[in-house]
K.L.:
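A single structure is presented below for examination.
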Protein chains: 2
Amino acid sequence: MLDTPPGSAGPIDIVRTQSLTTLVQRELERLILAGEVKPGERINEQHVAQRLQVSRGPVREALRGLERAGLVEARVNRGVYVREVSVEQAVEIYEMRGLITGFACARLAAASTADQRAELAAMVARMERAAADGDQAGYYEINLAFHDRLMQFAGNARAKAMYDALVKESHLCRRRSLFSPRNMAESNAEHAAMLDAIRRGDVDTARRMGEEHIVGGRRRFLDVVAAGTGS
Amino acid sequence: MLDTPPGSAGPIDIVRTQSLTTLVQRELERLILAGEVKPGERINEQHVAQRLQVSRGPVREALRGLERAGLVEARVNRGVYVREVSVEQAVEIYEMRGLITGFACARLAAASTADQRAELAAMVARMERAAADGDQAGYYEINLAFHDRLMQFAGNARAKAMYDALVKESHLCRRRSLFSPRNMAESNAEHAAMLDAIRRGDVDTARRMGEEHIVGGRRRFLDVVAAGTGS
DNA sequence: CGTGTGTAAACTGTTAACAGTTTGCGTTTG
DNA sequence: CAAACGCAAACTGTTAACAGTTTACACACG
């Protein structure tokens, strides 16, 4: 039979398995999170449509989705703007990230597999090396993956979705808090403490370490803000 | 001067201060949360457009927003459906609500005004009466307001937004967990315990009470599920 | 020279029409 | 009689055009 399961992507129509809106939304989100379109900037529907070779309909739909996601703001008859996250809002976001990270650590302390702990430990080791080498970009990336896996292992999909949304929002605060060598070492020491509590099955400590790690992140962030223009 | 501030709603053009998309989105959200459109049901774009006297464009945009909000699911070429929340997902949502409620209670224990505590206490008293009278609808409403104010007083807008989103999602689980007289009394006793810890400024206890209140809600919810079709 | 005004271009909000897919039903066929 | 086929209606995805608002710029005026 030449039948293909309805969900399978046939080799013929490589497109059409998802709507243009979805593709536009993904591309716009990428542009925003990568900083290619900066907070406060306006997004011109027509330009986007022309650039992506679609009409304005899908673009408008995509923008509505991004609005609910908190990445853009729409002003009536005035267009949509990439959202600006104030320092106050960033602090709120840090608090929520801390709350959820603490939850995840507590969960892992209560129930985690040896494989999971080993994977996290390997990442901490890699960050240790990156910190020693002063490799900020490398550290940043592994750090992201570490928190991502941590949330995944915690086994609460809703928690992970919320955490991911918060991380995206964080990117909208102009200050991109860079990791100084000292900050990298400090941050990773906290990672190690989290993992240690998880290994020992110490739920309360794991939770506190997870929360404090993000609080530490907030402090490091505020230091950069206070330092003036930063970076 | 006849000038009107840009934000003020002039008496002439009562409409046009917000887009049709926004109005459609609000109406659809209302229909979904009120249960007039049930989880799993399909939403017909044309019918909605005709019913609200608009074209399909704004309707599609509104649906995209609701999709990101987790209220509907879009299947390509097949339309959008009101999302169905499984019991497992509902449990995850309860966990997150508990986490955030605990956070809010801790915050209020650390810093709250006498007015705020008095307002919350008044609500607990009103729920007490509703519980005694077996007034489920009344209890439900005050309970909603109680948690709403609690989150507002906590002073973290992001936390409140997340909590509100979670409550909306809760409504998508078929089982509408009703408050039996016994459940109402139990639930309100937990409210009182939360408030008591807040009054005493006992941060840790307040947090634990807040979390356990939602855990209690989850248990009451699961009891209804286990009881079969429920009501 | 600065300020206010009017006009035109640009852009958003909305609608209607077109294209392709899914779905339901009646018919045919083994 | 059950299953498969085919056609038609319904619906979604997309596009293009229209209407109204905002914005920018040039010009007149004090």
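Proteins come first, then strands; the chains are lettered A, B, ... in the order of their sequence lines, and each starts at number 1. Below, each value reflects all heavy atoms present in this structure, side chains not excepted, and no hydrogens, waters or symmetry copies.
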K.L.:
Please pick, from C/dT12, D/dT14, C/dT15, the nucleotide with the shortest atom-to-atom distance to any side-chain atom of A/S19.
P.N.:
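Closest of the options to the side chain of A/S19: D/dT14.
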K.L.:
Rounded off to whole Å, could you give me the CD-to-C1' distance for the B/Q46 and D/dG13 pair?
P.N.:
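For the pair B/Q46 CD and D/dG13 C1', the rounded distance is 12 Å.
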K.L.:
Under 3.5 Å, is there a donor on one side chain and an acceptor on the other for A/T21 and A/R60?
P.N.:
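A/T21 vs A/R60: no donor-acceptor pair found between side chains.
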K.L.:
So, does A/H47 get its side chain near the phosphate of C/dA10, meaning an N or O under 4.0 Å from OP1 or OP2?
P.N.:
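For A/H47, the contact criterion (side-chain N or O under 4.0 Å from OP1 or OP2 of C/dA10) is not met.
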K.L.:
Mind calculating the distance between CD (B/E67) and C1' (D/dG13) to the nearest angstrom?
P.N.:
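Roughly 14 Å, once rounded to whole Å.
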K.L.:
Just the rounded figure in Å: distance from P of C/dT14 to CD of B/Q25.
P.N.:
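So the two atoms are 13 Å apart, to the nearest Å.
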K.L.:
Examine the side chains of A/Q50 and A/R56 and answer whether a donor and an acceptor come within less than 3.5 Å of each other.
P.N.:
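Per modelled atom types, A/Q50 and A/R56 side chains form no pair under 3.5 Å.
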K.L.:
Measuring to OP1 and OP2 of C/dC11, would you say a side-chain N or O of A/N44 lies under 4.0 angstrom away?
P.N.:
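Yes, such a contact exists.
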K.L.:
Quick check for you: among C/dT15, C/dG13, D/dC11, whose closest atom lies nearest to any side-chain atom of B/R42?
P.N.:
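So the nucleotide nearest the side chain must be D/dC11.
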K.L.:
I'd like to know if the side chain of B/S187 and the backbone of B/N183 have a donor-acceptor N/O pair within less than 3.5 Å.
P.N.:
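Here the side-chain-to-backbone pair does not exist.
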K.L.:
Using a heavy-atom cut-off of 4.0 Å across all strands, would you classify B/G79 as base, sugar-phosphate, or nothing?
P.N.:
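Here B/G79 touches the backbone only, sparing every base.
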K.L.:
Rounded to whole angstroms, how far apart are CG on B/N77 and P on D/dT14?
P.N.:
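Rounded to the whole Å, the gap is 8 Å.
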K.L.:
How close or far is atom P of D/dA19 from atom CG of B/L20, stated in whole angstroms?
P.N.:
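Interatomic distance, CG of B/L20 to P of D/dA19: 16 Å.
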K.L.:
Would you kindly check whether a donor in the side chain of B/R56 faces an acceptor in the base of D/dG13, or vice versa, at under 3.5 angstrom?
P.N.:
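For B/R56, whose side chain was compared with the base of D/dG13, there is a donor-acceptor pair (under 3.5 Å).
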K.L.:
Would you kindly compare A/Y81 and A/T21 by the position of their nearest DNA chain D nucleotide and give the one closer to the 5′ end?
P.N.:
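Of the two residues, A/T21 wins.
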K.L.:
Rounded to whole Å, please give me the gap between CZ in A/R64 and C1' in C/dT12.
P.N.:
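Rounded to whole Å, this separation is 12 Å.
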K.L.:
For C/dT21, take OP1 and OP2 only and decide whether either is under 4.0 Å from a side-chain N or O of B/R78.
P.N.:
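Answer no for this pair, as no side-chain N or O of B/R78 is under 4.0 Å from OP1 or OP2.
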K.L.:
For B/Q25 and B/R30, does a side-chain donor sit closer than 3.5 Å to a side-chain acceptor?
P.N.:
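No donor-acceptor contact under 3.5 Å links the two side chains.
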K.L.:
Return the value, rounded to whole Å, for the distance between atom CD of A/Q50 and atom C1' of C/dT12.
P.N.:
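Atom-to-atom, A/Q50 to C/dT12, this comes out as 15 Å.
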K.L.:
Heavy atoms under 4.0 Å, any strand shown: does A/L63 hit a base, just sugar-phosphate, or nothing?
P.N.:
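No contact.
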K.L.:
Quick one: A/E45 CD to C/dT12 P, roughly how many Å, whole number?
P.N.:
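It works out to 5 Å between those atoms.
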K.L.:
Above 12 or not: heavy atoms from other molecules or residues under 6.0 Å from CZ of B/R51?
P.N.:
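No, because the 6.0 Å sphere around CZ of B/R51 holds 12 heavy atoms or fewer from other groups.
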K.L.:
Between C/dT14, D/dG13, C/dT12, which nucleotide has the shortest distance from any of its atoms to the side chain of B/E61?
P.N.:
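Nearest nucleotide to the side chain: C/dT14.
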